[in-house]
Amino acid sequence: MTDRRGGPLVMVAANADVLGHPETDRFTLTDVESERAARFRHEEDRRNFVAAHLLVRLCAERLLGRPGPMTLAQYCPDCGLPGHGKPYLPEHPDIHISLSHTRGAVAAAAGYGPVGVDVELPQRGGTDPGVLQRVLTEAERRQVERHPDPAYAFLRQWVRKEALIKIGRVTLDTMGGTDLSALPLGEAHGAPLRSRLDDLHFLDWADERLGATVVVVGTAPPQLVAH
């Protein structure tokens, strides 16, 4: 069912832009988030983590249209422990959120319906054929091989499936059997693509400034907004 309040909002930015953004100064990480951030061995990884956790709060504020308390928590339904698993905002149980980070780039989404977002940089050294076999269906592999830029085509399908994991429709064990070959791939430097598969709406594009591929998927059409 499409939510009457519109589709989810998505934001994508460089970690430095988020950490230096004047509106993120009012957000405070929880003790659990701070402890997780402190465990990163590399400073850049810590900055990516913190930036993503700040950006998703900002994205939720934009969705609500007003500032307010934004405690980010996580819950794992498998083990029942906090600190990992699906993120949520205890003060706003009607809002769904998702976040992702990679080297220097972060993405966040917030909506009144289920949403998943993922951002990835191209793999250095190409794609392992074994990964192709494990991640893609046979139809998807043929689609990737025919694409003018096979490495980019694979990355787009990979990021789509990661977003499906975030929204709860796919797992790491089942992603290889989930066929997305009906979705268009487009060109590596083309405009953002909007597509749909069953009840899910996809928005994906290559962010040339960040050099990253981004995908957001929701039960209503996602909207890309400036941070």
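FYI, side chains are in, hydrogens and waters are out, and symmetry mates aren't considered; it's all heavy atoms of this structure.
One finds the CD atom of Glu140 at 8.5 Å from the CG atom of Leu183 (value rounded to the nearest 0.5 Å). Rounded to the nearest 0.5 angstrom, Ile167 CD1 and Thr219 OG1 are separated by 6.0 Å. Distance check, rounded to the nearest 0.5 Å: CD1 of Ile165 to OG1 of Thr174 gives 7.5 Å. A distance of 10.0 Å separates OH in Tyr88 from CD in Glu91, rounded to the nearest 0.5 Å. We find the CZ-CG distance between Phe27 and Asp25 to be 9.5 Å, quoted to the nearest 0.5 Å. In this structure, Arg141 CZ and Ser181 OG are separated by 11.5 Å, a value rounded to the nearest 0.5 Å.
When all heavy atoms of Ala60 and Leu89 are compared, the pair lying nearest together is CB-CD1, 3.6 Å. Contact between Ala226 and Met11 at its shortest, heavy atoms only, is O-CE, 3.9 Å. Of all the heavy atoms in Val115 and Ala109, the pair that sits closest is CG2-CB, 3.7 Å. The nearest pair of heavy atoms linking Pro184 to Leu193 is O-CD1, 3.7 Å. The two atoms that bring Leu72 and Pro87 nearest to each other are CD2-CB, 4.1 Å, heavy atoms only. Across Gly211 and Pro122, no two heavy atoms sit closer than the pair O-CD, 3.3 Å.
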**Message:** Apply salt bridge (Lys or Arg N to Asp or Glu O under 4.0 Å) to residues Glu120 and Arg103 and explain how you reach the verdict.
**Reply:** CA-CA 8 Å; Glu120 299 285 349; Arg103 298 187 305 274; over 6 Å; no

**Item:** Derivation and outcome, side-chain contact (heavy atoms from CB on, under 4.5 Å), residues Tyr112 and Leu63
**Value:** CA-CA 9 Å; Tyr112 290 103; Leu63 182 76; 3.7 Å; yes

**Prompt:** Are Arg36 and Gln74 close enough, and set up right, to give a side-chain contact (heavy atoms from CB on, under 4.5 Å), and what steps lead you there?
**Reply:** CA-CA 12 Å; Arg36 289 186 64 194; Gln74 289 177 271; 2.6 Å; yes

**Request:** Would you check, one step at a time, whether the test side-chain contact (heavy atoms from CB on, under 4.5 Å) holds for Val12 with Leu210?
**Result:** CA-CA 9 Å; Val12 183; Leu210 299 174; 3.6 Å; yes

**Request:** Verify side-chain contact (heavy atoms from CB on, under 4.5 Å) between Leu185 and Gln157, making sure each step is shown before the conclusion.
**Result:** CA-CA 8 Å; Leu185 284 174; Gln157 293 293 50; 3.9 Å; yes

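Inspection of the Asp173 and Thr171 side chains reveals no N or O donor paired with an N or O acceptor under 3.5 Å.
Surrounding CG of Asp31 are at most 12 heavy atoms belonging to other residues, nucleotides or ligands under 6.0 Å away.
Val50 places a side-chain heavy atom less than 4.5 Å from the side chain of Leu19. Within the 4.5 Å cutoff, no side-chain heavy atoms of Val117 are placed close to those of Val215. Side-chain contact between Pro222 and Val217: absent, with no pair of heavy atoms (C-beta onward) separated by less than 4.5 Å. Looking at heavy atoms from C-beta onward, Leu64 lies in side-chain contact with Ile95 at the 4.5 angstrom threshold. For the pair Leu99 and Val106, the minimum side-chain heavy-atom distance is 4.5 Å or more. Inter-residue side-chain proximity for Leu136 and Val144 is flagged as met; some heavy-atom pair is nearer than 4.5 Å. Residues Leu164 and Leu180 form a side-chain contact, since some pair of their non-hydrogen atoms from C-beta on lies under 4.5 Å apart. Between Glu23 and Val18 there is no side-chain heavy-atom pair separated by less than 4.5 Å.
Of the charged side-chain nitrogens involved, at least one lies within less than 4.0 Å of a carboxylate oxygen, so that Asp17 and Arg209 count as a salt-bridged pair. Salt bridge Glu61/Arg26: present, at least one basic N to carboxylate O contact under 4.0 Å. Look at Asp149 and Arg156 and you find no salt bridge, because none of the NZ, NE, NH1 or NH2 atoms lies under 4.0 Å from a carboxylate O.
When atom types are taken as modelled, the side chain of Lys161 and the backbone of Val135 share a donor-acceptor pair closer than 3.5 angstrom. Side-chain N or O atoms of Arg47 include none that pairs as donor or acceptor with a backbone N or O of His42 at under 3.5 Å. A donor-acceptor pair under 3.5 Å is absent between the side-chain atoms of Asp179 and the main chain of Thr137, judged by distance alone. A distance-only check finds no donor-acceptor pair linking the side chain of Thr24 to the backbone of Gly20 [under 3.5 Å]. Proximity of a side-chain donor or acceptor of Lys166 to a complementary backbone N or O of Ser98 within less than 3.5 Å is not detected. Side chain of Arg57 to backbone of His53: a donor-acceptor contact under 3.5 angstrom is found. Side chain of Arg39 to main chain of Arg46: no donor-acceptor pair is present (N/O by atom type, distance under 3.5 Å, no hydrogens or angles).
Both Leu58 and Ile97 are part of a single hydrophobic cluster, where members link through side-chain heavy atoms under 4.5 Å apart. Residues Leu197 and Met175 are members of one and the same hydrophobic cluster, defined by side-chain heavy-atom contacts under 4.5 angstrom among Ile, Leu, Val, Met, Phe, Trp and Tyr. Under the 4.5 Å side-chain heavy-atom criterion for Ile, Leu, Val, Met, Phe, Trp and Tyr, Val216 and Leu121 are members of distinct hydrophobic clusters. One hydrophobic cluster holds both Leu172 and Leu155 under the rule that ILVMFWY side chains link at heavy-atom gaps under 4.5 Å. There is a path of hydrophobic side-chain contacts, each under 4.5 Å, that joins Phe154 to Val170.
Between Phe40 and His101, the ring planes lie perpendicular to each other; the angle is over 60°, past the 30° to 60° tilted range.
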